[in-house]
Amino acid sequence: MTQITANFSNSLCERPLAIDGISDFDLAETLDCGQAFRWNPAPDGSFTGVAAGRACRVARRGNELLLYGVPQEDYDRFWFSYFDLGRNYRQIKQELSADPVLARAVAYAPGIRVLNQDPWEALASFIISQNNNVKRIKGIIERLCALCGEPIEGGFYAFPTPEALAARTPEDLAPVRAGFRARYLIDAAQKAVSRQIDLAALRTLPLPEAREMLMRITGVGVKVAECALLFGCGRVECFPVDVWIGRVMRQLFPDGLPACAAGYEGIAQQYLFHYARTSGML
DNA sequence: AACCAGGCGCATA
DNA sequence: TATGCGCATGGT
């Protein structure tokens, strides 16, 4: 008996693409630290997720990164950048560690990398994140993708495009159980479709203008705008301040971030966020 | 049963 | 400019 349709078990269990020479990259620390919400761990330590319409399973084997279901071309065009593999984290961590508090945060989870996510997915995800917890954020995004996203091979769903959400009403999104955030999502989608928000320009626009543009969306304030720029637009100098980072700043950096973080505030932020949230220091 | 979760909009002073 | 409150939902 033959099966013609490729499915999850096929494409994600084939021989993986192996990338050698990987360092400063821990899958759990990076994929389960609250910067992306579509990665799920397996008992063997691998993670399966969807980003920018592509599903993949990732694992580590020594110094190799194993990518299942990923053609070489997709790695070159997307995943290499997504996992930020072109950036020298060893050097950045060394510079951050000039400050003793940052040094502790870096040493606590030295395998964190800041992912380069799609601008729209990051924006929508962090709209959903407000006044919410990571577990429920993931559930909302999963239901949103299943309801409004395009099916992709393997039983996964792409993140819904702005076009797919712009035509919906809050009532349409009721099954997603996003609460008061549903209308924020729709407003963001409509402004993206109408080009009131130029998602591509956010990558290069002067930061004050980029922030101002994002904050024209109902439900996008300073923090969500900063997250969209850091996680979705490659702006590693952005520094989102949530409740955890607020505590860190009051208690550990009353005079502001140390100078050694200049230019990499967003990367420092991710080490600090994870440290504050999971180490029990506060 | 209050309180909290990767906040924000709005009213009020 | 600065506070304070309500907001949907679900987990402690």
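Keep in mind the model is a prediction, meaning the values are calculated, not measured. In what follows, chains are A, B, ... by sequence order, proteins preceding strands, each numbered from 1.
- Asp187(A) and Lys191(A) are joined by a salt bridge, as a carboxylate oxygen and a charged side-chain nitrogen come within less than 4.0 angstrom of each other.
- Backbone-only engagement by Ile217(A) is indicated by non-hydrogen atom pairs under 4.0 Å involving sugar-phosphate atoms exclusively.
- At a threshold of 4.0 angstrom between heavy atoms, the contacts of Gly221(A) are confined to the sugar-phosphate backbone, with no base atom among them.
- Atom-to-atom, CD1 of Ile128(A) to P of dG10(C) comes out at 14 Å; the value is rounded to the nearest Å.
- One interatomic measurement links the two molecules: CZ of Arg277(A) to C1' of dA5(B), which rounds to 10 Å at whole-angstrom precision.
- Comparing Arg181(A) and Gly219(A), the nucleotide of DNA chain B nearest to each residue sits closer to the 5' end for Arg181(A).
- Atom CG of Asp32(A) is separated from atom OG1 of Thr278(A) by 10.0 Å, given to the nearest 0.5 angstrom.
- The phosphate of dG10(C) (OP1 or OP2) has a side-chain N or O of Arg177(A) nearer than 4.0 angstrom.
- Per the geometry, NZ belonging to Lys135(A) stands 6 Å off P belonging to dT12(C), to the nearest Å.
- Taking atom CZ of residue Arg211(A) and atom C1' of nucleotide dC8(B), one finds them 17 Å apart after rounding to whole Å.
- Evaluation of atom-type donor-acceptor distances gives no pair under 3.5 Å for the side chain of Arg136(A) against the base of dA5(B).
- The residue Val241(A) sits apart from the nucleic acid: no heavy atom pair falls under 4.0 Å.
- Considering SG of Cys33(A) and CZ of Arg277(A), their distance stands at 8.0 Å, rounded to 0.5 Å.
- For the P atom pair drawn from dC3(B) and dG4(C), the interatomic distance equals 16 Å after rounding to whole Å.
- Pairing partner, dT9(C): dA5(B), with both Watson-Crick or wobble hydrogen-bond distances short of 3.5 Å.
- Rounded to an integer number of Å, the gap from Asn131(A) CG to dC4(B) C1' is 8 Å.
- Glu226(A) comes within 4.0 angstrom of no nucleic acid atom, judged by non-hydrogen atoms across all strands.
- In this structure, CD1 of Ile137(A) is placed 8 Å from P of dG7(B), rounded to the nearest angstrom.
- Between Arg247(A) and dA5(B) there is a side-chain polar atom (N or O) within less than 4.0 angstrom of OP1 or OP2.
- Taking 3.5 Å as the limit, the base of dA8(C) and the side chain of Asn132(A) contain no donor-acceptor pair of atoms between them.
- Among Arg87(A), Lys93(A), Arg90(A), the one residue that satisfies the salt bridge (Lys or Arg N to Asp or Glu O under 4.0 Å) test with Asp24(A) is Lys93(A).
- For the pair Ile140(A) CD1 and dT9(C) P, the interatomic distance rounds to 9 Å; values are reported in whole Å.
- Atom pair Arg183(A):CZ and dG6(C):C1' shows a separation of 12 Å (rounding to whole Å applied).
- Comparing the P positions of dG10(C) and dC8(B) gives a spacing of 22 Å, expressed to the nearest Å.
- A salt bridge links Arg57(A) with Asp44(A): the distance from a Lys NZ or Arg NE/NH1/NH2 to an Asp or Glu carboxylate oxygen falls below 4.0 Å.
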